Every structure is written in structure tokens, then in C-alpha cells.
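Notes for the one structure printed next.
Lettering of chains follows the sequences in order, A, B, ..., and the numbering in each one begins at 1. Computed from heavy atoms alone, side chains included, the values below leave out hydrogens, waters and symmetry copies. Predicted model, so just to flag it, every value in this text is computed and none were measured.
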There are 2 protein chains.
Amino acid sequence: MEVRRDVFQAIADPTRRQIIAMVARQPLHVNAIAESFNVSRQAVSLHVKILTECGLVVIKKQGRERYCEARLEQLEEVTTWVDHCRQFWATQFKALDNYLQQVQTDKKTKR
Amino acid sequence: MEVRRDVFQAIADPTRRQIIAMVARQPLHVNAIAESFNVSRQAVSLHVKILTECGLVVIKKQGRERYCEARLEQLEEVTTWVDHCRQFWATQFKALDNYLQQVQTDKKTKR
DNA sequence: TATATTTGCAAGCAAATGCTTGCGTATTTA
DNA sequence: TAAATACGCAAGCATTTGCTTGCAAATATA
């Protein structure tokens, strides 16, 4: 059974984020990606491997080259989590609003 | 000058994501957070510190307790990046669409 | 078929990460 | 004032991460 990589962890690395942004524009093979970075080809290759392991990138073999294509559906997990948190957050402030309004009403009633 | 922590790195850890989700619902002090986890108070304290360093959480002192409040504006950086990538991605497919449509048109013209 | 190119895999290593334990400090409570 | 509570800091340690170098496999080219 394959251990599913964590998408959040995958995008934590700035180099990997750059790679994702690059292949989102257009599919690229590993060497083409590596040319844009100062690290070795193997380092890039490893980053790509991590990205494929969490489904953010898929490899299409074409002869001896391997093209990396972005699969950004996986980023859904990230936006979903962010939205989730934001929703709670908004609710929290709404509750505060309600409370303040209540205080205001009480004041009026008292007066 | 303070070294700004990376938001992406901050949310890479599942424990920290949980902490963010918790304090997004309501402010909590460190011990209250720690009770929900199996790790030590100090471990949680360290996670909170990391979260404050990247601005996702602010500490409000109240007596001897320190309340952690969420500051989710910082998550903007994450959603912005995701949207950015998605936009390129969509453009890529649009380009493919245009190409296919062109091929189709050419066929018709030829015929 | 011999050589060049693209790539993955494995070993090794320094730095970062996440955790624990022990101790000190500030604040509250008895 | 003395004890309890909430918390940060620092040291120590195992694991993970990110990188490099060396080598082997697959495919293309001469």
C-alpha cells in the first residue's frame, strides 16, 4: 500500500511551489525544470517525485523524456481547509457582534 | 530585524493546522490547547510560537494566561498562490482548446 | 552497434524539525 | 508571605529533509 504524501507538506517547500507554478503553465520534462534552478538535477527529480506521490504532478513518458503535468485538483484539499477555518473565524466574529448588540439592547431596555 | 516565518511551512504540520482550526473557533490559552493533544505542553507551546512568528496567531496576555487568537488574514498568501497556479493551469487548457478548435476549423476548410 | 542523453536509485551528510525533560519567571490564590 | 498555576527557555536527542555524488537503465542518435 502506497503511503500518500501530504499535499500541505508538498507545497511547504518554495522550490516545489515554483515547480508547480512552472508545470501549471505548461508541461515540462525534468531537465527543463532543473535548468531554472541552481540545485542539481537529482534534487529537482526528487522534488518532482514528491509532487507525483501526492498527485500534484503526473508523469507522461515520451521517449526518454518524462513530461511533468500539473494536476491542481489536489490543491482543493488546501483551499477547503482554509475556507473551513475562515468560516469558523467569521462565525466567531459574528458571535461577538451578536454579543455586543445584545449588550447594547440591554442598555437601552435598562434605560 | 525579525525573520518572518513562512506561512506555507507553518500549515505543513497537521498539529499546527489543528491548532489554527481550534483557535479560529474561539481564542484559547496554551494549556487549553495542549489538553486536546497527546504531546506535551511545551510541544504545543512551540507550535504556537511558530504560528505567532508568521502572524497566524496573536497572543493576548490575561493575567498569567496567554490567549491565542487566530489571524487568518495571513492565509491570503496561500489562497493567492493557489489561485495564481490555477489561473495558469486554466489558461493552459484554454490554449489546448483553441488548438483543437483550430484543427477542427482547418479540417472543415480543407474539406 | 557504439555513443550520447535523460532519467531514477542509493549512499552519505549537514541542517532542520519535532519532541521531551528540567528549570526559571510571572501571576494568582490560600 | 508561601504554594500553586501558566508559561517560556534551553539542552538534548531521534527523525526527517534537502542536497550532493556516483552509478545503472532506457532510449535516441551517429
Given atom [atom1] of [X] and atom [atom2] of [N], what is their separation to the nearest angstrom?
| X | N | atom1 | atom2 | result |
| --- | --- | --- | --- | --- |
| Asp6(B) | dT17(D) | CG | C1' | 15 Å |
| Lys49(B) | dC19(C) | NZ | C1' | 15 Å |
| Phe8(B) | dT17(C) | CZ | P | 16 Å |
| Leu51(B) | dG8(D) | CG | P | 12 Å |

Query - Strand contacts (DNA chain D) in residues 22-37 of chain A, 4.0 angstrom heavy-atom criterion - result: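 None - not one residue of the stretch has a heavy atom sitting under 4.0 Å from the strand.
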
Query raised in the report: Quick check: are there more than 12 heavy atoms from other residues, nucleotides or ligands sitting under 6.0 Å from CD of Glu73(B)?
Result: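 Correct, the count exceeds 12.
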
Query - The single option from Leu28(A), Val23(A), Ile59(A), Leu56(A) passing side chain to side chain contact (heavy atoms under 4.5 Å, CB included) against Val48(A) - result: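 By the side chain to side chain contact (heavy atoms under 4.5 Å, CB included) criterion, Val48(A) pairs with just one of Leu28(A), Val23(A), Ile59(A), Leu56(A): Ile59(A).
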
Query raised in the report: Who are the side chain to side chain contact (heavy atoms under 4.5 Å, CB included) partners of Gln18(A), not counting sequence neighbours?
Result: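 Checked Gln18(A) against side chain to side chain contact (heavy atoms under 4.5 Å, CB included); matches are Phe37(A).
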
**Report entry** Partners meeting side chain to side chain contact (heavy atoms under 4.5 Å, CB included) with Ala12(B) (sequence neighbours left out)
**Finding:**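 Partners of Ala12(B) under the side chain to side chain contact (heavy atoms under 4.5 Å, CB included) test: Ala12(A).
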
Report summary line: Interatomic distance, CG@Leu51(B) vs CZ@Arg71(B), rounded to 0.5 Å, equals 13.5 Å

Query raised in the report: Do Trp81(A) and Leu75(B) come within less than 4.5 Å of each other through their side chains, counting heavy atoms only?
Result: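 SC-SC contact between Trp81(A) and Leu75(B) confirmed.
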
Report task. Establish, with yes or no, whether the OP1 or OP2 oxygen of dC7(D) is under 4.0 angstrom from a side-chain nitrogen or oxygen of Ser45(B). Result ->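 No, Ser45(B) has no side-chain N/O under 4.0 Å of OP1/OP2 on dC7(D).
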
Query raised in the report: Which parts of nucleotides 18-30 of chain D does protein reach within less than 4.0 Å, heavy atoms only, written one letter per nucleotide 5' to 3' as B for base, S for sugar-phosphate only and - for none?
Result: SSBBB----BS--

Query raised in the report: What residues form a salt bridge (charged side-chain N to carboxylate O under 4.0 Å, His left out) with Lys49(B), not counting sequence neighbours?
Result: none

Query - Sequence neighbours excluded - salt bridge (Lys or Arg N to Asp or Glu O under 4.0 Å) pairs with any residue from residues 11-34 of chain A - result: Arg17(A)-Asp6(B)

